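The structure appears below as structure tokens.
In what follows, residues are counted from 1 in the order of the sequence shown. All values reported here derive from a predicted model rather than from experimental measurement.
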Amino acid sequence: MELGTKKMGEKSAVLLLCGWLFCTVWTGSAAAEPLVVNKKAMAHVSPAQLVIREVSGMAVNTKKPSTAVDLIPQIIKDVTPSVVGIIGKSSGERYVGVDERYNLMHGSGIIVKSNGWIITNAHVVKDLQNTVVVTSDGKTYKIIKTYMDEVSDLALIKINAAALKPAKLAKSSSNARVGEKVIAIGTPISFALRSSATTGVIESLADLIVQ
């Protein structure tokens, strides 16, 4: 009789322990407070209660690691409308890539004013003939004004367009650091690669490289 009573007492203790653990994890109480090391308080806490507090606290506080969001596709989508392709026929002997049979040159530009002002490189538009600017929506425009500075390799061109999306340019490059990730969007080598993109890092902060 004494043995049966002892077994029943052990079963009741186990059931009570399981029930307490389930309720603690389910309600998210994590034993309501962190485990405090206090010798006087520890004297009234059974080993079973200590296990319950530790296990339930681990179960509730365990969080799944957050999934990192890749922002590059969204950045490309937002910036592409501000990037144009520049295509023309070369009047000189220059490498023209896969479209050499048509003697075509390809380059890129950035819209800086909604009324058609575009920044590009001087070497892109120099000596080009029958030049057209192609926006991201496929519309084509003739260049009506061109200003070049071959020393800085920059050019400012104008097309007869309206309601274009200007690029948001940084006020200063002073915060840029070597190694930061950058995205290049444009029309390299061939018209088939119009609005293509690639990623890389800032290699140097030099404003002008003298060769």
### Message
Distance check, rounded to the nearest 0.5 Å: Lys126 atom NZ versus Met148 atom CE?
### Response
7.0 Å
### Message
Give me the atom names and distance for the closest heavy-atom approach of Pro81 to Lys165.
### Response
CB-CD, 3.9 Å
### Message
So Ile159 and Leu164, do their side chains get closer than 4.5 Å, heavy atoms only?
### Response
yes
Return all side-chain donor-acceptor pairs below 3.5 angstrom for residues 136-144, not counting sequence neighbours, or 'none' if the list is empty.
from	atom 1	to	atom 2	distance (Å)
Asp137	OD1	Thr135	OG1	2.4
Asp137	OD1	Lys139	N	3.3

### Query
Could you give all pairs that pass the side chain to side chain donor-acceptor pair (under 3.5 Å) test and reach residues 70-80, with sequence neighbours left out?
Gln74-Asp78
### Task
Give me the other members of the hydrophobic cluster that Ile72 sits in, counting Ile, Leu, Val, Met, Phe, Trp and Tyr linked by side-chain heavy atoms under 4.5 Å, directly or via other members.
Val69, Leu71, Ile75, Ile76, Val79, Val83, Ile183, Ile185
### Query
How many angstroms lie between atom NZ of Lys158 and atom NZ of Lys113, to the nearest 0.5 angstrom?
11.5 Å
### Query
Considering only heavy atoms from C-beta outward, does the side chain of His106 approach that of Ile86 to under 4.5 Å?
no
### Query
Between OG of Ser108 and CD1 of Ile118, what distance do you get to the nearest 0.5 Å?
11.0 Å
### Query
Can any side-chain N or O of Lys145 pair as donor or acceptor with the backbone N or O of Leu156 at less than 3.5 Å?
no
#### Entry: Partners meeting side-chain contact (heavy atoms from CB on, under 4.5 Å) with Ala184 (sequence neighbours left out)
Thr198
#### Entry: Test side-chain contact (heavy atoms from CB on, under 4.5 Å) applied to Ile111 and Val84, step by step
CA-CA 7 Å; Ile111 299 171; Val84 300; 3.8 Å; yes
### Query
From Ile87 CD1 over to Leu128 CG, what is the distance, rounded to the nearest 0.5 angstrom?
10.5 Å
### Partner residues of Glu203 under the salt bridge (charged side-chain N to carboxylate O under 4.0 Å, His left out) criterion, sequence neighbours left out
none
### Task
Identify the two heavy atoms, one from Ser114 and one from Pro166, that lie closest to each other, and give their separation to 0.1 Å.
N-CG, 3.7 Å
### Same apolar cluster (I L V M F W Y, side chains within < 4.5 Å links), Val182/Leu205
yes
### Message
Assess the residue pair Val134 and Thr187 against the criterion (side-chain contact (heavy atoms from CB on, under 4.5 Å)); give the C-alpha distance rounded to whole Å, side-chain angles, the decisive distance to 0.1 Å, and a yes or no.
### Response
CA-CA 10 Å; Val134 186; Thr187 306; over 6 Å; no
### Results of side-chain hydrogen bond (donor to acceptor under 3.5 Å, both in side chains) for Asp153 - residues two or more places apart only
His123
## Note on the structure
Contacts of Glu180 meeting side-chain contact (heavy atoms from CB on, under 4.5 Å) (sequence neighbours excluded), chain-then-number -> Ala176, Arg177, Ile202
### Message
If I take atom CG from residue Leu169 and atom CD1 from residue Ile110, how far apart are they, to the nearest 0.5 angstrom?
### Response
6.5 Å
### Summary
Taken to the nearest 0.5 Å, the spacing of Leu154 CG from Ile119 CD1 works out to 7.0 Å
